[in-house]
Chemist: 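Got a structure here, written out as structure tokens. Questions coming.
One-based numbering, in listed order, for ligands and for the atoms of each.
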Amino acid sequence: MAEINTNVRLKGEEQSPEDLKWGNDLNAALKAARKGREVLMHYFGRLEQVEEKYQAGIVSEADKESERIIFAELKNSFPGCELLGEESSVDGMAYSQPSEKGRWIVDPLDGTTNYVHRFPIFCISMGYEINGQIQLAVIDVPLLGEVYTAIRGRGAFVNGKPLKVSSTFNLKDSLLATGFFGQDEKQLDEQMPIFSKLVRQTRGVRRPGAAAYDLAMVARGVFDAFWERGIKPWDAAAGILLVEEAGGIVTTYRGQKYHPYKNSILACNRNLHREILKVISPLTAADTE
Ligand code: IPD
Ligand code: CA
């Protein structure tokens with residue numbers, strides 16, 4: 001895979017000491033993701049331990065080892081930084097509030113079900129959050145050889161090439177994506193009517209099975225929008241910055257600005273946001289935020 005240029009600059013300006021710092025942080029994050037990628041490539045097709053998590057799908061030795069190795073690398077490069085990862089989230093869920101000092105939010109394997117079944121869409125997702133805002137993002141998609149990166153104010157990229165959301169104007173010309181958890185009856189009862197309406201009004205709705213990847217596809221302009229209820233901080237943290245930096249908009253189902261501790265997400269190009277929200281909002285439960 002080609003080296004990624006981490007020589008970042010604030011849009012339209014000369015490189016500053018702050019740009020340099022973010023460039024170094026991106027380098028360190030890419031190194032951690034690379035180590036996670038090696039773990040995922042090693043276990044792909046060779047898993048021996050797949051377990052059910054309580055109301056949270058499945059987990060394998062690859063998820064756990066990838067998180068362990070990414071955290072070790074992040075602790076080394078960012079001493080004292082808070083870490084929130086899917087596989088250590090029993091402790092991590094204590095973090096339901098934004099971080100003042102800075103926190104890495106990591107999904108060491110997004111798309112575990114795909115991975116276990118050898119469907120090639122899965123990724124590592126890492127977002128650095130301060131006060132609810134993601135500042136730096138890395139999404140590494142091992143089998144596609146794609147690494148998505150973003151630093152706030154400095155653009156979003158795939159393997160170093162700039163990303164831009166789509167400019168699709170009409171819902172009838174759009175391709176959307178969604179995700180949902182199949183073991184939550186309440187959530188399914190809410191999501192299926194939305195799916196049913198939008199699939200009729202668009203060219204199609206995809207459900208690739210890895211939210212971070214779906215968000216990267218919105219940032220790339222492949223999908224015009226992505227929505228999901230019950231999304232977790234580690235699924236969305238990196239992807240939201242990619243979408244915003246690629247010119248898109250990310251809100252809750254209520255149209256409020258999204259941050260990684262909200263439970264619903266609509267990531268979209270700016271032209272279609274209002275129209276899709278008009279479909280989603282009335283069909284969602286009162287406790288949606
Ligand atoms: C899941 C995937 C899926 C989404 C779920 C996530 P995991 O993550 O991103 O697409 O619909 O909400 O939990 O469990 O594969 O890391
Ligand atoms: Ca995961």
Chemist: Does NZ in Lys21 sit with more than 12 non-hydrogen atoms of other residues, nucleotides or ligands closer than 6.0 Å?
Modeler: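 Atom NZ in Lys21 is crowded, with more than 12 foreign heavy atoms closer than 6.0 Å.
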Chemist: Considering only N, O or S atoms, which atom of Asp107 is nearest to the Ca ion (ligand 2)?
Modeler: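 Asp107's closest N, O or S atom to the Ca ion (ligand 2) is named OD1.
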Chemist: Applying a 4.0 Å heavy-atom criterion (strictly less than), which segment of Ala210 is in contact with ligand 1: side chain, backbone, both, or neither?
Modeler: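 Just the backbone.
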Chemist: Measuring centre to centre across the rings, with the benzene-like ring taken for any Trp, is Phe122 within less than 6.0 Å of Tyr213?
Modeler: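 No, too far apart.
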Chemist: What angle sits at the Ca ion (ligand 2) between O of Leu109 and OE1 of Glu86, to 10°?
Modeler: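 Taking the Ca ion (ligand 2) as the apex, the two atoms subtend 170°.
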Chemist: What atoms in ligand 1 come closer than 4.0 Å to a heavy atom of Asp107?
Modeler: 16 (O)
Chemist: Among Ile231, Asp235, Ile105, find the one that has a side-chain contact (heavy atoms from CB on, under 4.5 Å) with Pro260.
Modeler: Ile105
Chemist: Is ligand 1 under 4.0 Å from a heavy atom in the side chain of Lys232, in the backbone, in both, or in neither?
Modeler: neither
Chemist: SG/Cys81 to CD/Glu129 distance, rounded to the nearest 0.5 angstrom?
Modeler: 9.5 Å
Chemist: Ring centroids only, cut at 6.0 angstrom: are His259 and Tyr261 within range, meaning strictly under it?
Modeler: yes
Chemist: Less than 3.5 Å between some nitrogen or oxygen of Ala212 and one of ligand 1, yes or no?
Modeler: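 No, no N or O pair falls under 3.5 Å.
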Chemist: List every atom of ligand 1 that sits less than 4.0 Å from any heavy atom of Ala211, numbering the atoms from 1 in the order shown and giving each element.
Modeler: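 Here the atoms of ligand 1 in question are 2 (C), 9 (O), 10 (O).
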Chemist: Considering only non-hydrogen protein atoms, determine which one is nearest to atom 14 (O) of ligand 1 and report residue, atom name and distance to 0.1 Å.
Modeler: Glu86 OE2, 3.8 Å
Chemist: Considering distance alone, does some N or O of Leu109 sit under 3.5 Å from an N or O of ligand 1?
Modeler: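 N/O-N/O distance below 3.5 Å exists for this pair.
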Chemist: Which atoms from ligand 1 have a heavy atom of Asp110 less than 4.0 Å away?
Modeler: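 Those qualifying, in numeric order: 1 (C), 2 (C), 7 (P), 8 (O), 9 (O), 15 (O), 16 (O).
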Chemist: Could you tell me which non-hydrogen atom of Ala212 sits nearest to which non-hydrogen atom of Asp110, and how far apart they are?
Modeler: N-OD2, 2.7 Å
Chemist: Any idea which of Gly209, Gly230, Gly179, Ala177 brings a heavy atom closest to atom 10 (O) of ligand 1?
Modeler: Gly209
Chemist: Quick one: does ligand 1 sit under 4.0 Å from the side chain of Asp63, the backbone, both or neither, non-hydrogen atoms only?
Modeler: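 For Asp63, there is no contact with ligand 1 at all, from either part.
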Chemist: How far apart are the C-alpha atoms of Asp224 and Ser166, what are their side-chain angles, what is the distance that settles it, and do they pass the side-chain hydrogen bond (donor to acceptor under 3.5 Å, both in side chains) test?
Modeler: CA-CA 6 Å; Asp224 300 292; Ser166 70; 2.6 Å; yes
Chemist: Please write down residue, atom name and distance for the protein heavy atom closest to atom 4 (C) of ligand 1.
Modeler: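 Checking every protein heavy atom, the shortest distance to atom 4 (C) of ligand 1 gives Glu228 OE2, 3.3 Å.
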Chemist: Kindly indicate whether a cation-pi arrangement holds for Arg207 with Phe180, taking the cut-offs as under 6.0 Å to the six-membered ring centre and within 45° of the axis.
Modeler: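 Flagged: Arg207 positioned over aromatic ring of Phe180.
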Chemist: Heavy atom of Asp235 under 4.0 Å from ligand 1?
Modeler: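 Yes, Asp235 has heavy atoms under 4.0 Å from ligand 1.
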Chemist: What pair of heavy atoms forms the shortest contact from Ala225 to Leu266, and how long is it?
Modeler: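 Between these two residues, the closest heavy atoms are CB-CD1, 4.3 Å.
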Chemist: Looking at Glu86 and Lys232, is there a salt bridge between them, counting it only when a charged N and a carboxylate O are closer than 4.0 Å?
Modeler: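 Result for this pair is no, no salt bridge flagged.
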Chemist: Distance check, rounded to the nearest 0.5 Å: Thr113 atom OG1 versus Ile58 atom CD1?
Modeler: 4.0 Å
Chemist: Checking contacts here: is it the side chain or the backbone of Phe180 that comes within 4.0 Å of ligand 1, counting heavy atoms only? Could be both or neither.
Modeler: backbone
Chemist: Regarding ligand 1, does Thr113 bring an N or O atom to under 3.5 Å of one of the ligand's N or O atoms?
Modeler: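 By distance alone, the answer is no.
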Chemist: Counting both backbone and side chain atoms, is some N or O of Asp214 under 3.5 Å from an N or O of ligand 1?
Modeler: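 No, no N or O pair falls under 3.5 Å.
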